[in-house]
Student: 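Submitted below is the structure of interest, expressed as structure tokens.
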Number of protein chains: 2
Amino acid sequence: MTTNDHAKRLQERGLRPTPQRLAVYEYLLSHRTHPTADTIYEAVLAQYPSFSRTTIYNSVKALMDAGLVRVVTIDPLEQHFDGNPADHGHCRCERCGQLLDFEMPEDLLAALVPEGFSVQQQDIFFTGVCKACQASFA
Amino acid sequence: MTTNDHAKRLQERGLRPTPQRLAVYEYLLSHRTHPTADTIYEAVLAQYPSFSRTTIYNSVKALMDAGLVRVVTIDPLEQHFDGNPADHGHCRCERCGQLLDFEMPEDLLAALVPEGFSVQQQDIFFTGVCKACQASFA
DNA sequence: TATTATATTTGTAATCAGTACAAGTTAATA
DNA sequence: TATTAACTTGTACTGATTACAAATATAATA
């Protein structure tokens, strides 16, 4: 995927592919760490010294409205963003801090939710200890 | 469950059962709506006009440290609290705003998470449309 | 019970994420 | 090029949360 492809994708959704938006989008695509607005800001500032914090929020909002980015509800105090808008769950390891994605199969989802409830968005978040960290403390 | 039982429960966990803590705890037990700090504050103010916002945060933190209360990660901008510390999921209906709890069976949980990951805390949150609201728009 | 030490509550001030808004800039169109 | 609309920027503001110090209440001890 080149920057051109990304620009095209924004245009298809009615978004002007400005350098700032592309920088935010590409940061989210290449860093699957679900960063906060401020983390994105610090990173893109290196390329665009005039980048404004407000532009981070504006860009992220535009990308979310276009369905390319989503908020992940994994923190009760700060918004974290994800460049993968498809539904999926997250696990965070308390020891190494790593964030793992996983799939949420349709049938499991259906088995979980109250009967008749139609799910539109998922936020599934587990905290625990990953395999590697368990091994290293055995 | 009487207030005395609740007081005893706090004491067992090493918490002094002050009137303020009991008011916060009992509000959370009797209102399963996962309120914010401010919602709790408004409610308890009626009984204790001198109640301070800071005391809400202090009490909730003490109760959380004691394992009696937890934060539910259903909102990236504000903390919501739950008097049920047991693991369970939440569904919010976009139309009527209702928040439904549901169980998360062990075997489903195991099937979901990456192999070897040991889950310590769950935050499962679905947004969608509940059965009643679907019916009323049919 | 009186005294002392400790824990808790309170109110104010500070912090920090996010938003509103207006002015400046860029890009698109005629 | 002139005009218009979209976007970015910086500043000011809001609102949730935390820090802190003084006041109060509780528990422990004599």
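Per chain, numbering begins at 1; letters A, B, ... match sequence-line order.
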Student: Less than 4.0 angstrom from a charged side-chain N to a carboxylate O is my criterion; do D5(B) and R9(B) meet it?
Tutor: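 Not counted as a salt bridge, because no side-chain N and carboxylate O are separated by less than 4.0 Å.
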Student: Rounded to whole Å, how long is the line connecting atom CZ of R21(A) with atom C1' of dT9(D)?
Tutor: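 So the two atoms are 14 Å apart, to the nearest Å.
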Student: Select base, sugar-phosphate, or nothing to describe what N58(B) touches, counting heavy atoms under 4.0 Å on all strands.
Tutor: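 Result for N58(B) = base.
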Student: Mapping H80(B) and S59(A) to their closest nucleotides on DNA chain D, which lands nearer the 5' end?
Tutor: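 That would be S59(A).
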Student: Using a heavy-atom cut-off of under 4.0 Å over every strand shown, decide if T36(B) touches base, sugar-phosphate, or nothing.
Tutor: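 No contact.
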Student: Tell me, yes or no, whether the heavy-atom count around Q121(A) atom CD, taken from other residues, nucleotides or ligands under 6.0 Å, exceeds 12.
Tutor: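 More than 12 heavy atoms, drawn from other residues, nucleotides or ligands, come within 6.0 Å of this atom.
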Student: Here's a test of your reading of the structure: between F51(A) and F81(B), which maps to the more 5' nucleotide of DNA chain D?
Tutor: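 Result of the comparison: F51(A).
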Student: Walk me through it: do F125(A) and H90(A) pass the test ring-ring contact (aromatic ring centres under 6.0 Å, His included)?
Tutor: CA-CA 5 Å; F125(A) 177 47; H90(A) 302 99; 7.2 Å; no
Student: Counting only side-chain N and O atoms of Y57(B), is one of them less than 4.0 Å from OP1 or OP2 of dT17(D)?
Tutor: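 Affirmative; the distance criterion is met.
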Student: Do the side-chain N or O atoms of Q79(A) get closer than 4.0 angstrom to the phosphate oxygens (OP1, OP2) of dA17(C)?
Tutor: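 So the side-chain polar atoms of Q79(A) never come under 4.0 Å of the phosphate oxygens OP1 or OP2 of dA17(C).
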Student: Measure from OH on Y48(A) to C1' on dT26(C) and round the result to the nearest Å.
Tutor: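 So the two atoms are 13 Å apart, to the nearest Å.
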Student: Hey, is the side chain of R53(B) poking within less than 4.0 Å of OP1 or OP2 on dT10(C), counting only N and O atoms?
Tutor: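 No, no such contact exists.
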Student: Would you tell me if any nitrogen or oxygen in the side chain of T18(A) comes within less than 4.0 Å of OP1 or OP2 on dT8(D)?
Tutor: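 Yes.
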Student: Using 4.0 Å as the upper bound for N to carboxylate O, is an ion pair formed by D123(A) and R70(A)?
Tutor: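 Counted as a salt bridge, because a side-chain N and a carboxylate O are separated by less than 4.0 Å.
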Student: In this structure, how many angstroms lie between the C1' atom of dA27(C) and the CG atom of L10(A), rounded?
Tutor: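 Checked: the CG to C1' distance equals 15 Å.
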Student: Does S52(A) have a side-chain nitrogen or oxygen under 4.0 Å from the phosphate oxygens OP1 or OP2 of dT8(D)?
Tutor: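 No, outside the criterion.
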Student: Return the value, rounded to whole Å, for the distance between atom NZ of K61(B) and atom P of dA16(D).
Tutor: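 Distance check: K61(B) NZ to dA16(D) P gives 21 Å.
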Student: Write down the distance between CE (M64(B)) and C1' (dT17(D)), rounded to a whole number of angstrom.
Tutor: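 Whole-Å distance recorded here is 12 Å.
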Student: Does a nitrogen or oxygen in the side chain of Q20(A) sit under 4.0 Å from OP1 or OP2 of dT26(C)?
Tutor: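 Q20(A) to dT26(C) OP1/OP2: no side-chain N or O under 4.0 Å.
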Student: Ignoring the backbone of R16(B), work out which of dA27(D), dG18(C), dC7(D) is nearest its side chain.
Tutor: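 For the R16(B) side chain, the nearest candidate turns out to be dA27(D).
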Student: Is it the case that one hydrophobic cluster holds both I40(B) and V72(B), taking links as side-chain heavy atoms less than 4.5 Å apart, direct or via other members?
Tutor: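 No, it is not one cluster - the side chains of I40(B) and V72(B) are not joined through contacts under 4.5 Å.
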Student: In whole angstrom, give the distance that lies between atom CD1 of I56(A) and atom P of dC7(D).
Tutor: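 About 16 Å, once rounded to whole Å.
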Student: Think T54(A) has a side-chain N or O under 4.0 angstrom from the OP1 or OP2 of dT9(D)?
Tutor: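 No, because none of the side-chain N or O atoms of T54(A) sits under 4.0 Å from OP1 or OP2 of dT9(D).
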Student: Grab the CG-P distance between L77(B) and dT14(D) for me, whole Å please.
Tutor: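 About 18 Å, once rounded to whole Å.
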Student: Would you kindly give the CD-to-P distance between E78(B) and dG18(C), to the nearest whole Å?
Tutor: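 Atom-to-atom, E78(B) to dG18(C), this comes out as 13 Å.
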Student: Select base, sugar-phosphate, or nothing to describe what A62(B) touches, counting heavy atoms under 4.0 Å on all strands.
Tutor: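 Result for A62(B) = nothing.
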Student: With the threshold set at 4.0 Å, does a side-chain nitrogen-carboxylate oxygen contact exist between R13(B) and D65(B)?
Tutor: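 No.
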